[in-house]
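Report on one structure; see the data block that follows.
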Amino acid sequence: QVQLVESGGGLVQAGGSLRVSCAASGRTFSSSAMAWFRQAPGKERDFVAAIKWSGGLTYYADSVKGRFTISGDKAQNTVYLQMNSLKPEDTALYYCAASEDYGSGSYYYNAWAYNYWGQGTQVTVSS
């Protein structure tokens, strides 16, 4: 089986920074892309950022553009999210995801594009 494990979450003041990480274990697989989603209590799970390995293309939600940076290593099925200038509205449980499928355009913005998910890591931004 494939397991994704997130780490690096925590409590930070508004304006601060955090880097969350995701690493795969178990059965080896070849991902086409990896991504981060987040979910606040009582709200839907929303897309945050994705990296498509082919060409190293990155995608970001409008709410995090200019503040967050996604990076990773295809061979190791690892992905990172550097979060700067954090705001209280960034508070959420952050989930890592991996896709074995191929798409274009807005494909990787959708949760259904991903085959594997982590358990989430909590990020809390205080004001």
Side-chain angles (χ1 to χ4, degrees):
Q1 294 185 359
V2 172
Q3 294 86 39
L4 300 181
V5 181
E6 303 96 335
S7 62
L11 175 65
V12 64
Q13 292 183 332
S17 299
L18 281 176
R19 188 181 76 157
V20 290
S21 303
C22 174
S25 64
R27 180 178 65 84
T28 58
F29 70 104
S30 180
S31 64
S32 61
M34 295 187 72
W36 291 94
F37 288 74
R38 66 187 182 186
Q39 186 170 25
K43 303 192 71 175
E44 296 182 351
R45 184 172 298 188
D46 294 326
F47 171 79
V48 177
I51 181 165
K52 183 179 180 180
W53 301 126
S54 179
L57 281 66
T58 57
Y59 308 87
Y60 296 94
D62 288 342
S63 60
V64 306
K65 284 183 178 179
R67 299 189 298 120
F68 292 10
T69 303
I70 189 170
S71 62
D73 187 316
K74 176 184 177 180
Q76 298 186 34
N77 288 315
T78 59
V79 67
Y80 308 94
L81 186 69
Q82 178 66 46
M83 301 180 286
N84 298 325
S85 301
L86 283 161
K87 304 174 181 179
E89 51 262 45
D90 295 318
T91 295
L93 189 64
Y94 282 70
Y95 293 93
C96 169
S99 175
E100 293 181 296
D101 302 315
Y102 298 90
S104 61
S106 62
Y107 180 83
Y108 294 106
Y109 285 76
N110 303 294
W112 48 257
Y114 298 89
N115 306 95
Y116 309 110
W117 293 83
Q119 81 290 348
T121 186
Q122 180 68 37
V123 173
T124 302
V125 184
S126 64
S127 59

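As a basis for the values below, the full set of heavy atoms in this structure was taken, side chains included, without hydrogen atoms, waters or symmetry mates.
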Asp73 side chain to Gln76 backbone, donor-acceptor under 3.5 Å
yes

Minimum heavy-atom separation for Lys43 and Gln39, please, with both atom names.
O-NE2, 3.0 Å

Looking at every heavy atom in both Ser99 and Ala113, which two are closest together, and how far apart are they?
OG-O, 2.7 Å

Heavy atoms, side chains only, cut-off 4.5 Å: are Thr121 and Leu93 in contact?
no

I'd like to know if Tyr116 and Leu81 are part of one continuous hydrophobic network [Ile/Leu/Val/Met/Phe/Trp/Tyr, side-chain heavy atoms within less than 4.5 Å].
yes

Taking Tyr114 as the starting point, is it possible to reach Leu57 by hopping between hydrophobic residues whose side chains are less than 4.5 Å apart?
yes

Find the distance between OG (Ser30) and NZ (Lys74) and round it off to the nearest 0.5 Å.
5.0 Å

Taking the six-membered ring where the residue is Trp, are the ring centres of Phe47 and Tyr109 under 6.0 Å apart?
yes

How long is the straight-line distance from CG of Asp90 back to CE of Met83, given to the nearest 0.5 Å?
7.5 Å

Has Tyr108 got a side-chain atom pairing as donor or acceptor with Gly103's backbone, closer than 3.5 angstrom?
yes

Short side-chain to backbone donor-acceptor contact, Asn115 and Glu100, under 3.5 Å
yes

With clusters defined by side-chain heavy atoms of hydrophobic residues (ILVMFWY) lying less than 4.5 Å apart, directly or transitively, does Tyr60 cluster with Val79?
yes

Check whether Tyr59 reaches the backbone of Lys52 with its side chain - one donor and one acceptor, N or O, closer than 3.5 Å.
no

Where the side chain of Arg45 meets the backbone of Arg38, is there a donor-acceptor pair that is under 3.5 Å apart?
no

Is there a chain of hydrophobic side chains (I, L, V, M, F, W, Y, each step under 4.5 Å between heavy atoms) that links Ile70 to Met34?
yes

Which value, rounded to the nearest 0.5 Å, describes the distance between Leu86 atom CG and Ser126 atom OG?
10.0 Å

Classify the ring geometry of Phe68 against Tyr94: parallel below 30°, tilted from 30° to 60°, perpendicular beyond 60°.
tilted

Show me the donor-acceptor pairs, under 3.5 Å and distance only, between side chains in residues 5-24 and residues at least two apart or in other chains.
from  : atom 1 : to     : atom 2 : distance (Å)
Glu6  : OE1    : Gln119 : N      : 3.0
Glu6  : OE1    : Gln119 : NE2    : 3.4
Glu6  : OE1    : Gly120 : N      : 2.8
Glu6  : OE2    : Cys96  : N      : 2.7
Glu6  : OE2    : Gly120 : N      : 3.2
Ser17 : OG     : Asn84  : OD1    : 2.8

Mind checking the OG-CZ spacing from Ser85 to Arg67? Nearest 0.5 Å is all I need.
7.0 Å

All side-chain hydrogen bond (donor to acceptor under 3.5 Å, both in side chains) counterparts of Ser31, not counting sequence neighbours
Trp53, Asn77

Tell me every residue that passes ring-ring contact (aromatic ring centres under 6.0 Å, His included) with Tyr107, counting only those two or more places apart in sequence or in another chain.
Trp112

What's the shortest heavy-atom distance between Ala92 and Ala40, and which atoms?
CB-N, 3.9 Å

Same cluster for Val48 and Ile51 if Ile/Leu/Val/Met/Phe/Trp/Tyr side chains link at under 4.5 Å?
yes

